[in-house]
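These notes are about the structure you will find just below.
Worth knowing before you read on, the calculation uses all heavy atoms, side chains too, and leaves out hydrogens, waters and symmetry mates.
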Amino acid sequence: MSLLTLENLTASYGSSQALFGVDLTMAEGEVTALMGRNGMGKSTTVKAICRMIASQGGLVLDGQDLHRLPSHKVAQLGVGLVPEGRRCFADLTVRENLIAAARPGQWSLASVTALFPRLGERAGQRAASLSGGEQQMLAVGRALMTNPRLLILDEATEGLAPIIRQEIWAALRHLKQETGMAILVIDKSLKELRRVSDRAVLLARGKTAWAGRMADLTSDISEKYVGV
């Protein structure tokens, strides 16, 4: 049984339609890359999954229709989001950010700081005092503290220094190898996505243009829908 299913999903910002038919299926423990050029509907798809924007069509998590739920109930069902732009609580400490939405499970302060030691070293610092890369680690750690079944990362490595990007990708590979968590990743690095993803879904103009195993994603297809 699929963990997450989107079928002919549509969504609009007021009178402006952004999604015209997104199809996506994810199984438990699967890593899926959601790809496409800027403005093709990737972040809008994430907002629809998390119920941050009204949508129509099939939107089902583990047999439950998400259209019937507010966003906080979707989070309680096990959807953890690392949003674009990080959005840490600037005036709270690292520790306070991490425990703000914590739920019981595998991921705790100890396990998150083992994954990202810098967070342990800066536990008492305000989030606003961290570097951009450290704030991104904090955003990932905060999502993990909710102990999600599905972790969604929206451009989690964008704008970061290369060494920090590699730390984030290493953490994702660890999550794939050591946990049964399903992960939906939006990113521009096809090289890194190929290393960590089982499947790929490519969007074009708000619709699914291609979906399949990452191993079957040819350079011609990626160039057509992702290349600059």
Side-chain angles (χ1 to χ4, degrees), residues 31-47 49-50 52-53 71 75 79-103 107-148 150-179 181 183-197 203 226-228:
V31 179
T32 298
L34 183 60
M35 304 164 66
R37 295 187 178 92
N38 290 341
M40 294 297 106
K42 303 184 298 297
S43 291
T44 302
T45 299
V46 169
K47 290 178 181 178
I49 294 170
C50 296
M52 296 176 180
I53 185 174
S71 58
V79 177
L81 174 63
V82 181
E84 186 176 15
R86 299 182 282 273
R87 302 183 190 177
C88 299
F89 301 114
D91 291 332
L92 298 185
T93 66
V94 168
R95 184 180 187 278
E96 289 168 340
N97 267 273
L98 291 174
I99 66 174
R103 301 178 68 201
W107 291 97
S108 62
L109 282 172
S111 54
V112 166
T113 54
L115 184 67
F116 295 120
R118 295 182 192 214
L119 298 183
E121 296 166 2
R122 291 157 174 74
Q125 291 183 217
R126 293 172 60 246
S129 71
L130 303 181
S131 69
E134 290 165 347
Q135 288 184 23
Q136 188 63 73
M137 293 176 187
L138 180 56
V140 175
R142 182 180 59 190
L144 289 174
M145 289 285 287
T146 69
N147 278 285
L150 170 63
L151 179 66
I152 303 176
L153 299 104
D154 191 355
E155 301 283 7
T157 70
E158 184 175 18
L160 301 182
I163 189 170
I164 302 296
R165 288 203 301 268
Q166 289 308 310
E167 288 189 47
I168 300 292
W169 285 115
L172 291 185
R173 291 193 293 272
H174 172 81
L175 293 176
K176 178 179 180 178
Q177 294 165 4
E178 302 298 331
T179 75
M181 191 185 304
I183 305 174
L184 181 64
V185 189
I186 298 174
D187 203 273
K188 294 182 176 64
S189 177
L190 181 56
K191 177 182 176 182
E192 294 294 347
L193 288 171
R194 285 191 182 279
R195 295 181 65 186
V196 75
S197 304
L203 301 186
V226 183
V228 178

### Task
Start with the C-alpha gap between L130 and L138, add the side-chain angles, then the distance that decides, and say whether side-chain contact (heavy atoms from CB on, under 4.5 Å) holds.
CA-CA 9 Å; L130 303 181; L138 180 56; 4.0 Å; yes

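- Note that CD1 of I49 is 4.5 Å distant from CD1 of I152, once rounded to the nearest 0.5 Å.
- With sequence neighbours excluded, the residues forming a side chain to side chain donor-acceptor pair (under 3.5 Å) with S43 are E84, D154, listed by chain and number.
- Judged purely by atom type and a 3.5 angstrom limit, T113 uses its side chain to pair as donor or acceptor with the backbone of A110.
- Here the CG atom belonging to L98 is positioned 11.0 Å from the CZ atom belonging to F89, to the nearest 0.5 angstrom.
- For the atom pair CE of M35 and CG of D187, the computed distance is 9.0 Å after rounding to the nearest 0.5 Å.
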Show the atom names and distances, to 0.1 Å, of all donor-acceptor pairs under 3.5 Å that link a side chain in residues 161-168 to residues at least two apart or in another chain.
residue : atom : partner : partner atom : Å
R165    : NH1  : L160    : O            : 2.6
Q166    : NE2  : E192    : OE2          : 3.3
E167    : OE2  : R118    : NH2          : 2.9

### Query
So T157 and S189, side-chain contact (heavy atoms from CB on, under 4.5 Å) or not? Walk me through it.
CA-CA 9 Å; T157 70; S189 177; 5.6 Å; no

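- When every heavy atom of C50 is checked against every heavy atom of L81, the shortest pair comes out as SG-CD2, 4.1 Å.
- Every side chain to side chain donor-acceptor pair (under 3.5 Å) that E134 has, sequence neighbours left out, goes to R122, S131.
- Side chains of M145 and N97 form no contact here, defined as non-hydrogen atoms less than 4.5 Å apart.
- Listed for the K42 side chain is no donor-acceptor partner under 3.5 Å among the backbone atoms of L203.
- Applying the side chain to side chain donor-acceptor pair (under 3.5 Å) criterion to T93, with sequence neighbours excluded, gives E96.
- Inter-residue side-chain proximity for L153 and L172 is flagged as met; some heavy-atom pair is nearer than 4.5 Å.
- With sequence neighbours left out, the side chain to side chain donor-acceptor pair (under 3.5 Å) criterion links S129 to Q125.
- Here CZ of F116 is found 7.0 Å from CG of L144. Values are rounded to the nearest 0.5 Å.
- Partners of R126 under the side chain to side chain contact (heavy atoms under 4.5 Å, CB included) rule, at least two apart in sequence or in another chain, are D91, A128.
- Between the CD1 atom in I53 and the OG atom in S71 there is a gap of 13.0 Å [rounded to 0.5 Å].
- No more than 12 heavy atoms of other residues, nucleotides or ligands shown are found within 6.0 angstrom of CZ on R87.
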### Task
Before giving the answer on side-chain contact (heavy atoms from CB on, under 4.5 Å), spell out for E155 and K188 the whole-Å C-alpha distance, their side-chain angles and the decisive distance to 0.1 Å.
CA-CA 8 Å; E155 301 283 7; K188 294 182 176 64; 3.0 Å; yes

